[in-house]
**Q** 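A single structure is presented below for examination.
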Amino acid sequence: MKKTRWKILFDMCLNIGASGAPIAVLQLIIYPYLASHISSEEYGLMITLYSLWVVISNSLGNVLNNIRLLRSTEYEEEGLKGDFPFLLRNFTAINFIVILIGTLFYIKELNVVYLFFSIIISALILFKAYFEVGFRIKLDYVSILNNGILQCLGFMLGLAFFRFFHVWQFVFLFGFLFNTIFTILKTGMLKEPFIKTKLYSNVSKDAQIYTLATFSGSLMTYADKMVLYPLMGGHVVSIYYTATILGKIIGMISGPITGVILSYISKWSNSQKKIFSKILIVGVILAVIGYGITMGISYPVINLLFPQWKDEVMVYLPITTIAIAIQTLNSFLNPFILKFYDMKWQIIIGMVSVAVYFVMALVLWNFYGMIGFCIGTVLGQLSKTLIMVFLHFVWSNKELK
């Protein structure tokens, strides 16, 4: 047991490095450089389009990733292969249509260059998110770390291309292109048979349900930029996103840890559900520590990276950081809800929290402007926490009686 705990901790560290390195490169090098070389309106559009890709493409890829991970033992025991190539084809088609429409909505013109890059980059994001499950199934977090390092190199190469061609899309194109090629070659998943098995119907149903839940979760994280852009323009998006950067860097450990937790608990029995309480305590402690660190270093870091916006950013940073701290806590709790409770709860939790977020953010924005919008995001994240805690400590105990 002790050896297993150390292995889990080591894998978490590897996964933090794999996810944290690209985030750090983007937030600390790429974004400050681009912000100083393009207008605030264009920068805001870039952040908005990237949010669109993550909400749609990364969500679709992660749905396939997590469903396959949770079902991997069943496929292995049955000696079956297939199904997921069909789902990948369907999700890729959906991604193409939604990204095309979404990009046209934000750019408000038929710009072939923007459309081309948006479709290609979003497809690469989807493929990277899905194919990486080949590493997670084998608990091969060394390869995941190598993939993160390759993504950093791709981002930097893309930045070099930007300096010559002044096209910011090259940053994301090369970053995710390197990821996709590495995962396909290393996992060999592209060679899987294009056939349907007896499990296809159930897996397809799970994918549909989990897609709704995943989109709800992504909207909680990225829809703020997507909503603010048509409401208030690119400059406001630039200010708002900059106010969240430090919190995202501090909170970047949550995603990798969540991925490792889900990889391991996918093999656990229902008797280990009680560990939820310990994770809740650890999550609260980490969220509080993360908030304190963020606020302590905020001004000098923002002044160094984004001096042109520092005064505007500091007004909103204390509130946006609270939202990210609660989001970090939620990311620790969600794998246990996903593993030990019916999939319908993912939809209920997602839909209710998104509804609270949109209603409160827009209502408070109408009365108090950007401050009100930020408070609305806090209330949306907090509602998600309360629902998960209620489900575990109240509803599940009620069902047992």
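Note that these values count all heavy atoms, side chains included, but never hydrogens, waters or copies made by symmetry.
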**Q** Take D83 and Y75, measure what side chain to side chain donor-acceptor pair (under 3.5 Å) needs, and give me the verdict at the end.
**A** CA-CA 10 Å; D83 295 339; Y75 274 87; 2.4 Å; yes

**Q** Test ring-ring contact (aromatic ring centres under 6.0 Å, His included) on F174 and F155 and set out the steps.
**A** CA-CA 6 Å; F174 284 106; F155 285 152; over 10 Å; no

**Q** Is the shortest heavy-atom distance from the side chain of Y291 to the side chain of P318 under 4.5 Å?
**A** yes

**Q** Tell me the closest heavy-atom pair linking A325 and A287, and the distance in Å.
**A** O-CB, 3.4 Å

**Q** Measure the spacing between CD1 of I56 and OG of S51 and express it to the nearest 0.5 Å.
**A** 11.0 Å

**Q** To check you understand the geometry: which heavy-atom pair defines the closest contact between G233 and E41, and what is its length?
**A** C-OE1, 4.1 Å

**Q** Taking the side chain from Y229 and the backbone from V236, do they hold a donor-acceptor pair closer than 3.5 Å?
**A** no

**Q** Pair F91, T211 - check side chain to side chain contact (heavy atoms under 4.5 Å, CB included), show working.
**A** CA-CA 10 Å; F91 276 31; T211 296; 3.6 Å; yes

**Q** Applying the side-chain contact (heavy atoms from CB on, under 4.5 Å) test to F131, which of L64, N179, N65, L88 qualifies?
**A** L88

**Q** Is the cationic atom of K186 (NZ for Lys, CZ for Arg) positioned less than 6.0 Å from the six-membered ring centroid of F135 and within 45 degrees of its normal?
**A** no

**Q** Kindly give the heavy-atom pair with the smallest separation between T197 and K81, and that separation in Å.
**A** CG2-O, 3.4 Å

**Q** Between Y241 and Y43, does the ring centre distance come in under 6.0 Å?
**A** no

**Q** Which heavy atom in I67 sits nearest to a heavy atom in V203, and how many Å separate them?
**A** CG2-CG1, 3.9 Å

**Q** Starting from the C-alpha separation in whole Å, work towards a yes-or-no answer on side chain to side chain contact (heavy atoms under 4.5 Å, CB included) for I322 and T377.
**A** CA-CA 9 Å; I322 292 175; T377 63; over 6 Å; no

**Q** So do the side chains of K384 and Y357 get within less than 4.5 Å of each other, counting heavy atoms only?
**A** no

**Q** Run Q169 and I120 through side chain to side chain contact (heavy atoms under 4.5 Å, CB included) and show every step you take.
**A** CA-CA 10 Å; Q169 287 91 337; I120 296 300; over 6 Å; no

**Q** Check whether any side-chain heavy atom of I324 sits under 4.5 Å from a side-chain heavy atom of Q381, and report yes or no.
**A** no

**Q** To the nearest 0.5 Å, what is the distance between CG (L159) and CG (L34)?
**A** 6.0 Å

**Q** Looking at W53, F172, F170, which hits ring pair (Phe, Tyr, Trp, His ring centres under 6.0 Å) with F117?
**A** F170

**Q** State whether the side chain of S122 and the backbone N or O of S57 hold a donor-acceptor pair below 3.5 Å, judged by distance alone.
**A** no

**Q** Any idea which heavy atoms bring A207 and V63 closest together, and the distance?
**A** O-CG1, 3.6 Å

**Q** Distance only, no hydrogens: is a donor on one side chain within 3.5 Å (strictly under) of an acceptor on the other, for N146 and S143?
**A** no

**Q** In terms of heavy-atom contacts, does NZ of K191 have more than 12 from other residues, nucleotides or ligands at under 6.0 Å?
**A** no

**Q** Once rounded to the nearest 0.5 Å, what's the spacing between atom CD1 of I121 and atom CG of L126?
**A** 14.0 Å

**Q** Nearest 0.5 Å please: distance from the CG atom of L70 over to the OG1 atom of T73.
**A** 9.0 Å

**Q** Are L45 and V237 side-chain neighbours, meaning at least one heavy-atom pair lies under 4.5 Å?
**A** no

**Q** What are the two closest heavy atoms between C152 and P22, and how far apart are they?
**A** SG-N, 3.4 Å

**Q** Before you tell me yes or no, could you show the steps for R89 and E192 under salt bridge (Lys or Arg N to Asp or Glu O under 4.0 Å), namely the whole-Å CA-CA distance, both residues' side-chain angles and the distance that decides it to 0.1 Å?
**A** CA-CA 13 Å; R89 179 200 62 185; E192 291 180 335; over 6 Å; no

**Q** Check this for me: F194, atom CZ, are more than 12 non-hydrogen atoms of other residues, nucleotides or ligands nearer than 6.0 Å?
**A** yes

**Q** Who are the salt bridge (charged side-chain N to carboxylate O under 4.0 Å, His left out) partners of K198, not counting sequence neighbours?
**A** E78

**Q** Can you find a pair of side-chain heavy atoms, one from N202 and one from R71, that are under 4.5 Å apart?
**A** yes

**Q** Less than 4.5 Å apart, any side-chain heavy atom of L228 and any of M370?
**A** yes

**Q** Verify side chain to side chain donor-acceptor pair (under 3.5 Å) between N95 and T92, making sure each step is shown before the conclusion.
**A** CA-CA 5 Å; N95 180 74; T92 301; over 6 Å; no

**Q** How long is the straight-line distance from CG of L60 back to CD1 of I99, given to the nearest 0.5 Å?
**A** 8.5 Å

**Q** If you define the side chain from C-beta out and look only at heavy atoms, does anything of Q151 sit under 4.5 Å from F178?
**A** no

**Q** Test I144 against L14 for side chain to side chain contact (heavy atoms under 4.5 Å, CB included), laying out the working first.
**A** CA-CA 8 Å; I144 292 178; L14 291 177; over 6 Å; no

**Q** Heavy-atom distance under 4.5 Å between the side chains of L304 and Y299, does that happen here?
**A** no

**Q** Taking the basic N atoms (NZ, or NE/NH1/NH2) and the acidic carboxylate oxygens, is any pair closer than 4.0 Å for E132 and R136?
**A** no

**Q** Has the side chain of S238 got a donor or acceptor atom that lies under 3.5 Å from a matching backbone atom of S40?
**A** yes

**Q** Both conditions, 6.0 Å and 45 degrees, for the charged tip of K108 above the ring of F105: are they met here?
**A** yes

**Q** Quick one: sort the F306 and W309 rings into parallel, tilted or perpendicular, breaks at 30° and 60°.
**A** parallel

